[in-house]
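Protein chains get the first letters and strands the later ones, always in sequence-line order, with residue 1 at the start of each.
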Protein chains: 2
Amino acid sequence: MLKYQQIAIEIEKYIEEQELQQGDKLPVLEHFMAHFKVSKSTITKSLELLERKGVVYQVRGSGIFVRRHKRKGYISLLSNQGFKRELEDAQISSKPLQLEVRKPSKEAALNLNLHEDEDVYYVKRIRYINGETLCVEESYYNKAIVTYLNKEIVSESIFGYIREGLGLKIGFSDMYMQMDQLDENEAVHLGLKKGEPKLTVETVFHLTNGQPFDFSRVVYNYKQSRFFLQTNSDT
Amino acid sequence: MLKYQQIAIEIEKYIEEQELQQGDKLPVLEHFMAHFKVSKSTITKSLELLERKGVVYQVRGSGIFVRRHKRKGYISLLSNQGFKRELEDAQISSKPLQLEVRKPSKEAALNLNLHEDEDVYYVKRIRYINGETLCVEESYYNKAIVTYLNKEIVSESIFGYIREGLGLKIGFSDMYMQMDQLDENEAVHLGLKKGEPKLTVETVFHLTNGQPFDFSRVVYNYKQSRFFLQTNSDT
DNA sequence: CAGTGGTCTAGACCACCTA
DNA sequence: AGGTGGTCTAGACCACTGG
């Protein structure tokens, strides 16, 4: 574990334990330098991390302050590491509908930089949040990278398995969102009616080395879908 | 203009001029250090900026590579600076429906940290993209901060005016999204039918010093709403 | 004008990738 | 093994905030 990561974790823990609120002032840089016995840049880096994560904001000439968003029960759109990490409070579970090795669709091949004769794992599952249908997910995994999947893995956290089981490092992802009306088939899966709203999110996930390994299309149940997103001006 | 910002701009310009594609390799750090005559950390900072912006990705032991997303015509969800900056290709215009000073609703007061007897500007407008209705927007601006607005400003870019006209610095924002079905009134504004899908996005915008100055609720036309979002694993 | 965060440097050393 | 990005340091100097 790197110093600046460790320090970021400890500062965040401190904020939680002290139950600090939006706008509360944290100790000054000098204090953290002395307390953790590191140089200024290291502390700066830790705080940058927390700033991007939406935990603090820094005001030059004034201080470092706690940032909090007020609403609970929203799913964070950042975090390209699957849901499991985000929603400690909520129960997320999955019911696999299909799991097979096949050739990719044209679209999947394009998004994964594959030829149409290479293998992918195709996974279709329904995901539940607190017992309600959250979404229907179809994913294509490049089999050359994600070499093995089974029903058990697919019922749990696929991304967890990819990280821990396969030792792969997940890097960045591109998400595309649009809305439309549910068709018959989707409506049945989600327990809704044809014509009701849906949100479709397509995502291409890449490893840290830039290789795309997963293309997924997720159709969300509009009744359970509340998302939040914290942004920075990011000079 | 800071060095690392300037350098980031130049590197990005270089990528565009050379029409580099996803996966193309950029020169090594050493090269940039020599070329711009700055220290390693400065270049690193520039590249971090570009990485967060989704322009490049860096692979330790390997190099710096161009990152591109493949689809056009999507609205970026990051950028809390209004649309104007994002969509160079698209024509965005606004038709004001209401503009007045009033007392905030309970909800607006809560989100802006105001008492219910303090003044806000209330703005309601329809926004168009390439001649089609994009969304209906209702905003509450803290009048103590955004001291003046008129019909002309509200027809153009409010955020542009806040930055340049008022000299305020926009910091971070919290967005909350959810879906539902259009009611009668919204449907009329958007030229759609009651019961069709809608996406509602509520956002609280803050200055760099942490003060909230704008609370807005935007209802999007599902036919024009395509969003994208690039994320990083963000160590 | 004192306090506080931000930028920038030069250099040492480390971790990872490719071959 | 050689190349490449990442971390960390110590210190100088700058820019903004607020009494």
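- Partners of B:Glu17 according to the salt bridge (Lys or Arg N to Asp or Glu O under 4.0 Å) rule, which considers only residues two or more places apart in sequence or in another chain, do not exist here.
- In this structure, A:Val38 and B:Gln58 both approach DNA chain D, and ranking their closest nucleotides by distance from the 5' end singles out B:Gln58.
- Applying the salt bridge (Lys or Arg N to Asp or Glu O under 4.0 Å) criterion to A:Glu10, with sequence neighbours excluded, gives no partner residue.
- Rounded to an integer number of Å, the gap from CG of B:Leu49 to P of C:dG6 is 14 Å.
- Here the C1' atom of nucleotide D:dA10 and the CD1 atom of A:Ile43 are 14 Å apart, to the nearest Å.
- Contact of the A:Arg68 side chain with the A:Ile15 side chain is registered, since non-hydrogen atoms from C-beta on lie closer than 4.5 Å.
- As rounded to whole Å, 13 Å separates atom P of C:dG5 from atom OH of A:Tyr57.
- For A:Arg102, the salt bridge (Lys or Arg N to Asp or Glu O under 4.0 Å) test picks out A:Glu100, with sequence neighbours left out.
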* Asked: What string of B, S and - do you get for nucleotides 14-19 of chain C 5' to 3' if you count protein non-hydrogen atoms under 4.0 Å?
  -> -BBB--
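- Residues passing the side chain to side chain donor-acceptor pair (under 3.5 Å) test with A:Glu118, sequence neighbours excluded: none.
- In the helix from C:dC1-D:dG18 to C:dT18-D:dA1, the terminal helix axes, each the rotation mapping four pairs' C1' atoms onto the next four within five end pairs, subtend 30°, rounded to 10°.
- Within the structure, salt bridge (Lys or Arg N to Asp or Glu O under 4.0 Å) contacts touching residues 203-218 of chain B (residues at least two apart or in different chains) are B:Glu107-B:Arg217, B:Glu202-B:Arg217.
- Evaluation of the salt bridge (Lys or Arg N to Asp or Glu O under 4.0 Å) rule for B:Lys103 yields B:Asp119 as partners, not counting sequence neighbours.
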Can you give me every donor-acceptor pair (side chain of residues 24-40 of chain A, partner residue at least two apart or in another chain, under 3.5 Å) with its distance?
from	atom 1	to	atom 2	distance (Å)
A:Asp24	OD2	A:Gln21	N	2.8
A:Ser39	OG	A:Thr42	OG1	3.4

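- Between C:dG5 and A:Thr44, no contact under 4.0 Å exists linking OP1 or OP2 to a side-chain N or O.
- Between the side chain of A:Lys45 and the base of D:dG6, no donor-acceptor pair under 3.5 Å is found.
- Atom CD of B:Gln5 and atom P of C:dG6 are 13 Å apart (whole Å).
- A donor-acceptor pair is defined here as one N or O able to donate and one able to accept, closer than 3.5 Å; such a pair exists between the side chain of B:Ser46 and the backbone of B:Tyr4.
- Sorted by residue number, the members of residues 28-37 of chain B with any non-hydrogen atom under 4.0 Å from DNA chain D read B:Val28, B:Leu29.
- Not counting sequence neighbours, the partners of A:Tyr122 by the ring-ring contact (aromatic ring centres under 6.0 Å, His included) test are A:Tyr140.
- Nucleic acid contact for A:Lys40: base, since at least one base atom lies under 4.0 Å from a heavy atom of the residue.
- Between the P atom of D:dG6 and the OH atom of A:Tyr4 lies a distance of 9 Å, rounded to the nearest Å.
- Atom OG1 of residue B:Thr231 and atom CG of residue B:Leu78 lie 9.0 Å apart, to the nearest 0.5 angstrom.
- Residue-level contact check: A:Leu47 touches neither bases nor backbone, having no heavy atom under 4.0 Å from any strand.
- Atom-to-atom, NZ of B:Lys3 to C1' of C:dT9 comes out at 8 Å; the value is rounded to the nearest Å.
- If you check C:dG5, D:dT9, C:dT9 against the side chain of B:Ser41, the one that comes closest is C:dT9.
- Residues satisfying the side-chain contact (heavy atoms from CB on, under 4.5 Å) criterion with B:Gln230, sequence neighbours excluded, are A:Asp174, B:Arg67, B:His69, B:Phe228.
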